[in-house]
Amino acid sequence: MVNIQWYPGHMNKARNQLEDKMSLIDVIVEVLDARIPQSSRNPMIEKLVGDKPHLIILNKADLADPVMTKRWQKKFTTKGKYVMALDSLHNTNMQILVKMIKKAAANKINKLTQKGAISPVIRVAIAGIPNCGKSTIINRLVGRNVTQVGNKPGVTKGQNWLKTTENIQVLDTPGILWPKFEDQTVGLKLAALGAIKDTVFSADDVALFVLSKLRKHYLNGLSKFARTPKTEIERINDTDLLLALTEEYGMRNDYDRFSMYLLQRLRKGKVGRITLDRI
């Protein structure tokens with residue numbers, strides 16, 4: 001099993017800054033990648049939440065297996081936790097999210113209202129792993145592009161308070177991973193879907209892992225992408241399949257190049273709607 005780790009210094013700094021601001025936070029909004037709901041949960045964020053209202057967003061739901069997304073929603077919904085699936089890239093209307101935030105903060109709003117506050121402000125921290133769509137969600141909430149958006153990890157580096165038109169103040173935080181992945185399949189899944197810098201891992205290792213998962217759970221989609229009958233895919237092993245696809249896509253024996261191409265297509269949903277974390 002390959003060993004993938006990525007925890008640059010700015011992530012440790014961001015984690016410490018978030019911890020320092022927790023006393024100001026009314027609701028924690030944790031953004032997960034709906035295709036890897038469990039693997040994209042940062043255990044450090046879970047510890048910081050404590051007994052605060054906790055909203056979990058399964059983002060990029062348009063790219064995930066809808067059946068699995070419903071199962072993960074049900075699994076994550078417990079006392080004190082609110083869960084919703086979201087396609088923040090294409091959904092410009094954030095009213096459902098706003099209502100969910102206010103529902104989570106209902107006790108705080110009631111206490112402030114009883115003390116005479118009119119339209120009390122709710123402070124929300126939006127946190128999650130790199131490249132899970134936090135910045136897009138924040139831009140939708142604020143109503144303009146106030147944070148830089150990119151399809152690679154590490155775009156957001158600082159923390160800023162941002163105002164919305166809904167009496168909600170949002171703390172934008174950089175994507176944070178954790179120092180060590182105890183289960184290396186977690187690292188492989190994070191790498192496959194773009195949460196880890198591409199220069200940190202070997203693309204062919206991750207591509208072989210992806211092919212094994214697609215073969216097991218999404219054979220129809222893999223067959224269509226591979227332009228190869230399912231019976232032929234089932235007949236050969238993952239390594240031979242990778243080499244065959246490299247040739248099929250006109251890259252001769254440059255399987256490193258094809259491996260990165262496969263990951264890029266996977267991330268954009270061109271291999272179908274998939275969920276790598278299974279229930």
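The basis for the numbers below is simple: all heavy atoms, side chains too, and nothing from hydrogens, waters or symmetry mates. Because the structure is predicted, anything quoted here is derived from the model rather than measured. In this chain, residues are counted from 1 in sequence order.
- Rounding to the nearest 0.5 angstrom, the gap separating the CG atom in Leu263 from the CG atom in Leu193 is 8.5 Å.
- Here Gln95 pairs with Glu166 under the side-chain hydrogen bond (donor to acceptor under 3.5 Å, both in side chains) rule; sequence neighbours left out.
- Nearest heavy atoms, Pro37 versus Leu32: O-CD1, 3.4 Å.
- The shortest heavy-atom contact between Gln73 and Leu58 is CG-CD1, 3.6 Å.
- Within the 3.5 Å criterion, the main-chain N or O of Lys189 finds no donor-acceptor partner in the side chain of Ser39.
- In this structure, Lys115 has no side chain to side chain contact (heavy atoms under 4.5 Å, CB included) partners at least two apart in sequence or on a different chain.
- More than 12 heavy atoms of other shown residues, nucleotides or ligands fall within 6.0 angstrom of atom CG in Asp240.
- The ring-ring contact (aromatic ring centres under 6.0 Å, His included) pairs that include a residue from residues 11-55 number zero, where partners must be two or more places apart or lie in different chains.
- A 4.5 Å side-chain heavy-atom check between Lys103 and Tyr82 finds at least one atom pair inside the cut-off.
- Under the 3.5 Å distance criterion, the side-chain polar atoms of Thr136 are left unmatched by any main-chain donor or acceptor of Lys134.
- Within the 4.5 Å cutoff, no side-chain heavy atoms of Val142 are placed close to those of Lys163.
- Of the possible polar contacts, none joining the Lys52 side chain to the Ser23 backbone as a donor-acceptor pair under 3.5 Å is found.
- By the side-chain hydrogen bond (donor to acceptor under 3.5 Å, both in side chains) test, Asn220 pairs with Lys230, sequence neighbours left out.
- Put simply, the side chain of Leu97 reaches to within 4.5 Å of the side chain of Leu55, judged on heavy atoms.
- Leu241 has its side chain out of reach of Thr239: every pair of non-hydrogen atoms, C-beta onward, lies at least 4.5 Å apart.
- In this view, Phe76 and Trp72 satisfy the ring-ring contact (aromatic ring centres under 6.0 Å, His included) rule, not counting sequence neighbours.
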Step by step, work out the side chain to side chain contact (heavy atoms under 4.5 Å, CB included) result for Leu63 and Arg267. CA-CA 8 Å; Leu63 302 175; Arg267 295 166 186 173; over 6 Å; no
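- Partners of Phe181 according to the ring-ring contact (aromatic ring centres under 6.0 Å, His included) rule, which considers only residues two or more places apart in sequence or in another chain, are Trp178.
- Interatomic distance, SG of Cys132 versus CD1 of Ile137, reported as 7.0 Å (0.5 Å rounding).
- With sequence neighbours excluded, the residues that form a side chain to side chain contact (heavy atoms under 4.5 Å, CB included) with Leu89 are Asp87.
- Residue Arg257 qualifies as open at atom CZ: its count of foreign heavy atoms under 6.0 Å is 12 or below.
- Formation of a donor-acceptor pair under 3.5 Å by the Asp256 side chain with backbone atoms of Ala203 is not found in this model.
- Under a 3.5 Å cut-off, the side chain of Arg265 and the backbone N or O of Val271 do not form any donor-acceptor pair.
- Using a cutoff of 4.0 Å between basic side-chain nitrogens and carboxylate oxygens, Arg41 and Glu30 are scored as salt-bridged.
- Within 6.0 Å of atom CD1 in Ile236, more than 12 heavy atoms from other residues, nucleotides or ligands are found, so the atom counts as buried in its surroundings.
- Ala207 meets the side chain to side chain contact (heavy atoms under 4.5 Å, CB included) test with Leu242, Ser259, Leu262; sequence neighbours excluded.
- Side-chain atoms of Arg140 come within 3.5 Å of backbone atoms of Ser88 as a donor-acceptor pair (strictly under, hydrogens ignored).
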Tell me, with the steps shown, if Asp205 and Ile4 meet side chain to side chain contact (heavy atoms under 4.5 Å, CB included). CA-CA 10 Å; Asp205 288 332; Ile4 298 175; over 6 Å; no
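- Legend: residues meeting ring-ring contact (aromatic ring centres under 6.0 Å, His included) with Tyr261, ordered by chain and number and at least two apart, are Tyr249.
- Taking every heavy atom of both residues into account, Asp238 and Ser212 meet most closely at OD2-CB, 3.3 Å.
- Shown here for Thr69 and Ala85, the closest heavy-atom pair between the two residues is CG2-CB, 3.9 Å.
- Tyr218 and Thr275 make their closest contact through OH-N, 3.1 Å (heavy atoms, listed as atom of the first residue, atom of the second, distance).
- Take Ala117 and apply the side chain to side chain contact (heavy atoms under 4.5 Å, CB included) test, not counting sequence neighbours, and it matches Leu112, Pro120.
- Phe209 is not listed as a side-chain neighbour of Gln184, based on a closest heavy-atom distance of 4.5 Å or more.
- Taking the side chain as every heavy atom from C-beta outward, Leu18 and Leu171 approach each other to under 4.5 Å.
- At least one donor-acceptor pair under 3.5 Å links the side chain of Arg273 to the backbone N or O of Ala61.
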Chi angles and distances behind the side chain to side chain contact (heavy atoms under 4.5 Å, CB included) call for Gln169, Thr164: CA-CA 6 Å; Gln169 286 188 358; Thr164 75; over 6 Å; no
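- Proximity of Ile126 to Thr173: side-chain heavy atoms (C-beta onward) are nowhere separated by under 4.5 Å.
- In plain terms, the two heavy atoms of Ala226 and Leu245 that are nearest each other are CB-CD2, 3.2 Å.
- Under the side-chain contact (heavy atoms from CB on, under 4.5 Å) rule, Ile168 has a single partner from Val27, Val98, Asp26, which is Val98.
- Taking Lys213 as the reference, nothing meets the side-chain hydrogen bond (donor to acceptor under 3.5 Å, both in side chains) condition, with sequence neighbours excluded.
- Side-chain contact between Leu86 and Met94: present, with at least one pair of heavy atoms (C-beta onward) separated by less than 4.5 Å.
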Apply the test side chain to side chain contact (heavy atoms under 4.5 Å, CB included) to residues Leu222 and Leu211: give CA-CA distance (whole Å), side-chain angles for both, the deciding distance (0.1 Å), then the verdict. CA-CA 8 Å; Leu222 176 58; Leu211 288 175; 3.9 Å; yes
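- Applying the side-chain hydrogen bond (donor to acceptor under 3.5 Å, both in side chains) criterion to Lys60, with sequence neighbours excluded, gives no partner residue.
- In Arg227, the CZ atom is crowded: over 12 heavy atoms of neighbouring residues, nucleotides or ligands sit closer than 6.0 Å.
- Note on Arg35 versus Asp33: salt bridge recorded, some NZ/NE/NH1/NH2 to OD/OE distance being below 4.0 Å.
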